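Report on the following structure.
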2 protein chains.
Amino acid sequence: MPVAAGTRYMREVNTAAVLTLLRTVEHTSAPELARQAGLSRQAVSRSLSDLGEAGLVEFLAPVRSGVGSGRPAQRVRFRAEAGHVLGASVSPERIRVGLADLSGRVVAAHDTPPPVSEEIGSEVTARALTDAAHRVLAQARIEVGGVWHASIGVPGIVDPATGRVRFAPSMPGVTGDVLIRALGEATGREVYLDNDVKLATVGELWHGGGHRSMVLIHWGERVGAGVVVAGALHRGAANDAGDLGYLDLFTDAPAPDRGEDDAFLGAFEAWTGTGAFAALGREAARERGDHTLLTRLARPETRTATLVAAVTDGAPAALAALEEITRRFAQGVGAVRALLDPGVVVVGGPMARCGPTLLTALRAHLRRQRLDPPPLELSRLGEDAVVQGALRHSLDQVEHTRLRPPSTTG
Amino acid sequence: MPVAAGTRYMREVNTAAVLTLLRTVEHTSAPELARQAGLSRQAVSRSLSDLGEAGLVEFLAPVRSGVGSGRPAQRVRFRAEAGHVLGASVSPERIRVGLADLSGRVVAAHDTPPPVSEEIGSEVTARALTDAAHRVLAQARIEVGGVWHASIGVPGIVDPATGRVRFAPSMPGVTGDVLIRALGEATGREVYLDNDVKLATVGELWHGGGHRSMVLIHWGERVGAGVVVAGALHRGAANDAGDLGYLDLFTDAPAPDRGEDDAFLGAFEAWTGTGAFAALGREAARERGDHTLLTRLARPETRTATLVAAVTDGAPAALAALEEITRRFAQGVGAVRALLDPGVVVVGGPMARCGPTLLTALRAHLRRQRLDPPPLELSRLGEDAVVQGALRHSLDQVEHTRLRPPSTTG
DNA sequence: GTGAATTAGGTATGTACCGTACGTAACTCC
DNA sequence: GGAGTTACGTACGGTACATACCTAATTCAC
């Protein structure tokens with residue numbers, strides 16, 4: 001149903017165009033905007049005065065020390081502080097909340113471990129989240145009403161239409177709509193909730209090199225991917241695209257090693273996740289008589305950190321484990337390459353802490369495959385990717401609802 | 001760089017909206033269009049008279065036998081015959097050309113085997129293509145100038161920006177720009193050329209159920225896929241997305257059977273292609289003492305057709321081969337499911353001629369995987385998919401260049 | 001058969017937007 | 001201090017769409 005409209009619509013289009021230009025620079029002037037937008041200065045001025053009344057634009061005093069001659073232009077500035085968005089990441093390890101203004105600049109952040117009694121009831125986790133949210137608002141001296149949108153990322157299967165968590169094996173307490181309800185009541189706004197890897201992908205895409213297609217692979221205990229095609233996240237028919245952990249490469253191969261606490265692990269993540277990495281590390285340490293490493297790897301909760309540190313220290317047993325785990329992982333990257341031919345593959349999650357050594361090893365294995373390997377990068381945001389992606393999602397929502405004209409054609 | 005424009009732009013938007021509405025129905029009236037577009041009747045009338053002068057709209061006599069009372073409206077009709085597009089498929093087996101009007105209706109088609117002396121020089125194939133093109137034009141009594149755009153699909157690796165064929169192992173004669181140059185000179189228009197599987201995917205998407213995401217798997221001697229995400233074909237960074245044939249599932253598995261003439265086959269297509277199917281069929285026929293089938297399978301050029309016929313006839317040896325080949329193929333479908341979670345997976349190519357039996361067998365294997373299997377369908381267009389996709393691509397080009405307003409925001 | 005009701009087409013008027021033009025303001029350079 | 005340059009503000013003209021009103025054509029009821 002393409003729908004067209006009258007002159008009022010044209011005005012909205014032009015105002016939105018002016019605003020978009022304005023948002024890309026620190027400050028500028030009406031004549032400059034007119035040149036960039038292809039509009040007359042008057043049309044720009046009209047739009048600017050509308051935007052000024054809406055609180056989105058501030059008029060600044062003219063700058064006197066212009067190099068060229070002529071009357072100095074009145075400067076205008078996008079008022080990024082006119083509104084704010086909230087982004088949160090809730091995982092078994094951390095509750096992270098960030099507050100950003102309309103330009104995406106983070107003005108306050110909070111990072112706290114989740115309450116230990118999480119399994120008692122989801123209300124505890126939800127309260128910890130809203131507490132953190134109130135804390136960042138206080139920190140930035142922003143009223144609750146100044147939050148225009150909020151998004152949350154959690155590890156689990158999410159229905160993105162409703163924001164309900166269908167299944168979250170690592171934190172059963174957040175199943176259902178506890179989190180969006182709690183944060184919704186706290187902010188008075190509708191809250192978006194999505195899978196953490198998907199939001200992390202949005203975050204990496206935002207701060208990455210502007211790739212049109214990209215795959216972020218979260219490499220940890222579990223393995224999951226976010227698929228970006230044509231500059232946008234691809235969710236899949238059941239919001240389950242990028243479920244790399246369940247890739248089954250091993251038709252005729254023997255059953256892969258499995259970790260200990262992994263009833264729900266898929267074939268690929270059981271074979272390549274941090275559980276398998278620790279098993280490989282123990283084996284290599286035993287073979288090489290590295291008793292120090294072997295002892296340290298006995299503690300399950302720190303085994304991945306131990307092994308990653310051993311890799312960066314150059315311990316031979318750890319490097320041997322890395323060699324094997326990257327050989328396996330390269331098979332998954334190869335499948336991604338064959339199907340999607342992405343512009344870049346970004347590796348994130350706990351394994352990414354191994355650093356460039358990881359990519360070097362991966363690249364060596366990929367070169368043995370028959371297809372040209374995709375460019376590899378390490379996650380730029382690390383732990384922050386989920387919050388950044390949540391902020392980006394909220395900013396997108398705000399831009400589409402409050403900073404844009406209605407779409408021309410449906 | 002968002003650019004806005006004046007009232008003239010608004011007019012173009014509205015005219016395009018009217019035209020889009022008009023193209024969805026047989027014929028309609030100005031008041032009806034006004035209601036649908038949300039415009040006044042006058043605005044619609046102005047747009048219609050512009051479109052009439054451009055030859056895109058025809059005014060019909062009012063229909064007298066209206067059911068309700070009132071003055072009968074003048075009817076208007078989209079003149080689909082105002083322009084035509086040409087779509088072609090060039091393969092070692094056939095040269096197919098179709099001519100469609102602006103509504104996508106095929107008004108003439110031609111289907112011929114390619115010249116046998118193909119390897120002597122590409123000019124022979126190119127001339128066969130232009131001959132076929134002139135034939136469909138004569139058949140439909142259309143002047144060459146009435147062709148607004150043309151597209152060609154070929155089996156091979158193509159640079160979609162230039163339309164040059166980089167590598168076509170099955171028909172080396174078409175390497176380079178011979179085909180687009182020949183058809184370009186014949187039609188006087190720029191010609192688009194792309195990989196045949198990618199265009200077939202566009203065709204299936206067009207005539208399919210309007211899925212937002214879809215994967216078409218061409219299953220023949222080679223295996224390739226077309227990936228549709230968000231309603232559009234995904235090409236990949238090097239135009240190599242969907243290269244399912246090079247999927248390597250078999251890290252620790254023994255090297256798969258390979259056909260005889262397959263220096264360039266990837267691991268997956270060597271294991272699941274029609275070559276492997278024939279090998280499985282021979283083995284099964286030998287085991288079961290089906291000498292008739294064994295004899296027939298000795299002829300390489302008809303072995304796939306023989307085996308497909310045996311499958312539809314219910315021959316036990318053929319069904320056993322089908323069972324094994326679908327078991328293997330299901331691994332690839334599983335990888336597609338895990339990474340992309342498509343709304344539907346369409347199976348095309350020579351293997352699709354096995355019919356619903358193929359899908360039934362595939363589904364049984366997919367149910368054993370841990371992820372919910374995607375819906376499976378057989379190709380609706382079969383051999384015609386490439387030509388249909390080429391026509392659709394040309395229609396898209398025409399719509400974006402001649403039937404649409406300039407985009408609002410860049 | 002004739003008139004009321006209904007709906008479409010055509011023309012005039014009003015409103016809104018953009019662009020051009022012109023006068024005024026402010027600043028720099030000589 | 002004047003010339004040159006650039007920005008701002010207002011006025012005017014062009015174009016598009018919406019509304020209003022009149023005429024035309026057809027159906028239905030009596």
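Just so we're clear, the structure is a prediction, and the values are computed from it rather than from any experiment. Naming: A, B, ... by sequence-line order, numbering from 1 per chain. Side chains included, hydrogens not; waters and symmetry mates left out as well; all remaining heavy atoms used.
- Regarding Leu48(A), its CG atom lies at a distance of 13 Å from the C1' atom of dC8(D), rounded to whole Å.
- Taking atom CD on Gln74(B) and atom C1' on dT7(C), their separation rounds to 14 Å, with Å as the unit.
- A donor-acceptor pair is defined here as one N or O able to donate and one able to accept, closer than 3.5 Å; such a pair exists between the side chain of Ser49(B) and the backbone of Arg46(B).
- Rounded to whole Å, atom C1' of dG9(C) lies 4 Å from atom CZ of Arg71(B).
- A close approach under 4.0 Å does occur between a side-chain nitrogen or oxygen of Arg46(B) and OP1 or OP2 of dC17(D).
- The nucleotide whose nearest atom lies closest to any side-chain atom of Leu39(B) is, among dT20(C), dC17(C), dA18(D), dA18(D).
- Side-chain to base pairing of Arg41(A) with dG9(D): one donor and one acceptor N or O lie within less than 3.5 Å of each other.
- Between the side chain of Asp159(B) and the backbone N or O of Gly163(B) there is no donor-acceptor pair closer than 3.5 Å.
- In this model, the phosphate group of dA16(D) is not approached by any side-chain N or O of Asn14(B) to a distance below 4.0 Å at OP1 or OP2.
- Taking atom CG on Leu60(A) and atom P on dA7(D), their separation rounds to 16 Å, with Å as the unit.
- Candidate nucleotides dC27(C), dA18(D), dT26(D) were compared by shortest atom distance to the side chain of Ser40(B), and dA18(D) ranks first.
- Tyr9(A) places its OH atom 25 Å from the P atom of dT15(C), with the value rounded to the nearest Å.
- Ring-plane geometry between His393(A) and Tyr192(A) is classed as parallel, the angle between the planes falling under 30 degrees on a 0 to 90 degree scale with a further cut at 60.
- Arg380(B) contributes no side-chain N or O that, together with a main-chain N or O of Glu204(B), makes up a donor-acceptor pair within less than 3.5 Å.
- One interatomic measurement links the two molecules: CD of Gln42(A) to P of dG23(C), which rounds to 15 Å at whole-angstrom precision.
- Taking atom CG of residue Leu33(A) and atom C1' of nucleotide dA7(D), one finds them 14 Å apart after rounding to whole Å.
- Regarding contacts with the backbone of dA16(D), every side-chain N or O of Thr7(B) stays at 4.0 angstrom or more from both OP1 and OP2.
- Between the P atom of dA16(D) and the CD atom of Glu12(A) lies a distance of 20 Å, rounded to the nearest Å.
- The overall bend of the helix from dG1(C)-dC30(D) to dC30(C)-dG1(D), read as the angle between its terminal helix axes built from five base pairs each, is 0° when rounded to 10 degrees.
- Between Arg11(A) and the phosphate of dC17(C), there is a side-chain N or O to OP1/OP2 separation shorter than 4.0 Å.
- If you take CD on Glu32(A) and CD on Gln36(A), they are separated by 4.5 Å, rounding to the nearest 0.5 Å.
- A distance-only check finds no donor-acceptor pair linking the side chain of Gln397(B) to the backbone of His149(B) [under 3.5 Å].
- The existence of a salt bridge linking Arg77(A) and Glu81(A) is confirmed by a sub-4.0 Å separation between a basic side-chain nitrogen and an acidic carboxylate oxygen.
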